[in-house]
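Reading through the structure tokens given below for one structure.
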Amino acid sequence: MAGLDLTGKTAIVTGASRGIGLATAQAIAAAGGNVVLTSRSQESADAAAAQVNGNAIGVGAHATDEDAASKCVEQTIERFGSLDILVNNAGTNPSFGPIINQDHSRFAKTFDVNVWAPVLWTGLAARAWMGEHGGSVVNTASIGGMAFEAGIGTYNASKAALIHITKQLALELSPKIRVNAVAPGVVRTKLAEALWKEHEEAVSASTALGRIGEPEDVAAAIAFLVSDAAQWITGEIMTIDGGQLLGDALPFRQGASVGG
């Protein structure tokens with residue numbers, strides 16, 4: 001589809017040193033776009049950019065560092081001449097256990113990185129370029145923001161907030177800027193290791209499509225959402241989970257056969 005061609009477009013992908021962020025940068029570059037990959041350190045950002053086949057640079061910028069974020073936006077426009085795409089992918093989960101047992105530091109860090117940072121970067125991008133020229137923003141949410149799980153309630157609450165903010169921004173920044181989100185299920189990333197590493201076979205067996213996700217599964221959806229093929233889509237939360245949010249698939253499959 002011609003609409004998936006990102007030639008001449010420039011994207012910033014935050015938290016792009018590995019996992020979904022790196023795969024997204026690679027997908028955007030493969031579609032012809034210029035990509036700026038951010039990470040907490042310049043070294044890791046450069047290492048990630050080296051794994052992208054195309055026009056890509058790394059910028060060391062912690063997601064919640066306003067000065068670093070502002071400089072990254074400025075550098076992007078100076079280097080490539082525009083800022084058409086922003087993927088707010090940086091995320092964290094330093095807390096585990098019941099919400100009432102979390103200390104303020106971990107609670108605040110979770111919301112700073114997962115909620116405040118996307119607001120910060122989106123505002124910078126809108127004021128520097130997108131507000132006048134248009135653009136597309138995609139936030140990395142989670143199916144956890146639509147459900148309830150033991151142990152990661154704080155993380156899920158931050159993703160629920162991000163889902164709400166995505167829809168709010170879609171209205172506030174219309175019609176120039178489209179704002180959408182992806183909501184991945186259990187994906188093979190370092191952040192999600194606790195959800196799959198020791199029991200991948202069981203998670204895969206209970207998933208409708210029979211496996212956990214790969215970063216490329218999410219990256220492909222993001223590349224679509226930021227492209228002209230999605231030019232009439234905004235405020236959408238695209239679930240990419242192989243059917244995990246539907247529930248346990250095993251009882252529906254056992255002993256069943258198609259048509260019989």
Identify the heavy atoms of [X] and [Y] that sit nearest to each other, and give their distance.
| X | Y | value |
| --- | --- | --- |
| Thr76 | Leu83 | CG2-CD1, 4.2 Å |
| Ala63 | Trp121 | O-NE1, 2.8 Å |
| Ala221 | Ile240 | CB-CD1, 3.2 Å |
| Ala45 | Ser39 | N-CB, 3.8 Å |
| Leu124 | Ala69 | CD1-CB, 3.6 Å |
| Thr38 | Cys72 | CG2-SG, 3.8 Å |

Check whether any side-chain N or O of [X] sits under 3.5 Å from a backbone N or O of [Y] as a donor-acceptor pair, and report yes or no.
| X | Y | value |
| --- | --- | --- |
| Thr122 | Val119 | no |
| Lys159 | Gly144 | no |
| Arg18 | Ala23 | no |
| Ser227 | Ala229 | yes |
| Ser70 | Glu66 | no |

With sequence neighbours excluded, what pairs up with Asp46 under the side-chain hydrogen bond (donor to acceptor under 3.5 Å, both in side chains) test?
Gln42
Under the side-chain hydrogen bond (donor to acceptor under 3.5 Å, both in side chains) test, residues paired with Ser206 that sit two or more places apart:
none
Kindly write out the residues that satisfy salt bridge (Lys or Arg N to Asp or Glu O under 4.0 Å) with [X], not counting sequence neighbours, or none if the list is empty.
| X | answer |
| --- | --- |
| Glu172 | none |
| Arg127 | none |
| Asp217 | Arg211 |

At what distance, to the nearest 0.5 angstrom, does [atom1] of [X] lie from [atom2] of [Y]?
| X | Y | atom1 | atom2 | result |
| --- | --- | --- | --- | --- |
| Gln231 | Leu225 | CD | CG | 13.0 Å |
| Lys167 | Asn180 | NZ | CG | 9.0 Å |
| Tyr155 | Glu149 | OH | CD | 9.5 Å |
| Leu246 | Phe252 | CG | CZ | 8.5 Å |
| Leu86 | Asp84 | CG | CG | 11.0 Å |

Joint cluster assignment, [X] & [Y], ILVMFWY side-chain distance < 4.5 Å:
| X | Y | result |
| --- | --- | --- |
| Leu173 | Val226 | no |
| Ile233 | Leu6 | yes |
| Ile177 | Ile165 | yes |
| Leu22 | Val87 | yes |
| Met238 | Ile222 | yes |

Can you tell me which residue pairs pass the side-chain hydrogen bond (donor to acceptor under 3.5 Å, both in side chains) test with a partner in residues 100-117, sequence neighbours excluded?
Asn114-Ser158
Give every residue pair that meets the side-chain hydrogen bond (donor to acceptor under 3.5 Å, both in side chains) criterion with at least one member in residues 233-247, sequence neighbours excluded.
Thr207-Gln244
Do [X] and [Y] come close enough that some side-chain heavy atom pair is under 4.5 Å?
| X | Y | answer |
| --- | --- | --- |
| Phe148 | Asn156 | no |
| Ser82 | Trp129 | yes |
| Ile212 | Glu200 | yes |

What side-chain donor-acceptor pairs closer than 3.5 Å can you find for residues 132-139, not counting sequence neighbours?
from: Asn139; atom 1: OD1; to: Asn88; atom 2: ND2; distance (Å): 2.9
from: Asn139; atom 1: ND2; to: Thr166; atom 2: OG1; distance (Å): 2.9

Consider only side-chain N and O atoms of Gln26 and Asn53, and report whether a donor and an acceptor are under 3.5 Å apart.
no
When clusters are formed from ILVMFWY side-chain contacts under 4.5 Å, directly or step by step, what else is grouped with Leu209?
none
Which Ile, Leu, Val, Met, Phe, Trp or Tyr residues join Met146 in one cluster when any pair of side-chain heavy atoms under 4.5 Å counts as a link?
Ile143, Ile163, Ile237, Leu245
Donor-acceptor list for residues 8-17 side chains, cut-off 3.5 Å, not counting sequence neighbours:
from: Thr10; atom 1: OG1; to: Asn34; atom 2: ND2; distance (Å): 3.1
from: Thr14; atom 1: OG1; to: Asn89; atom 2: N; distance (Å): 2.9
from: Thr14; atom 1: OG1; to: Ala90; atom 2: N; distance (Å): 3.1

Selection residues 50-98 - residue pairs positive for ring pair (Phe, Tyr, Trp, His ring centres under 6.0 Å), sequence neighbours left out:
none
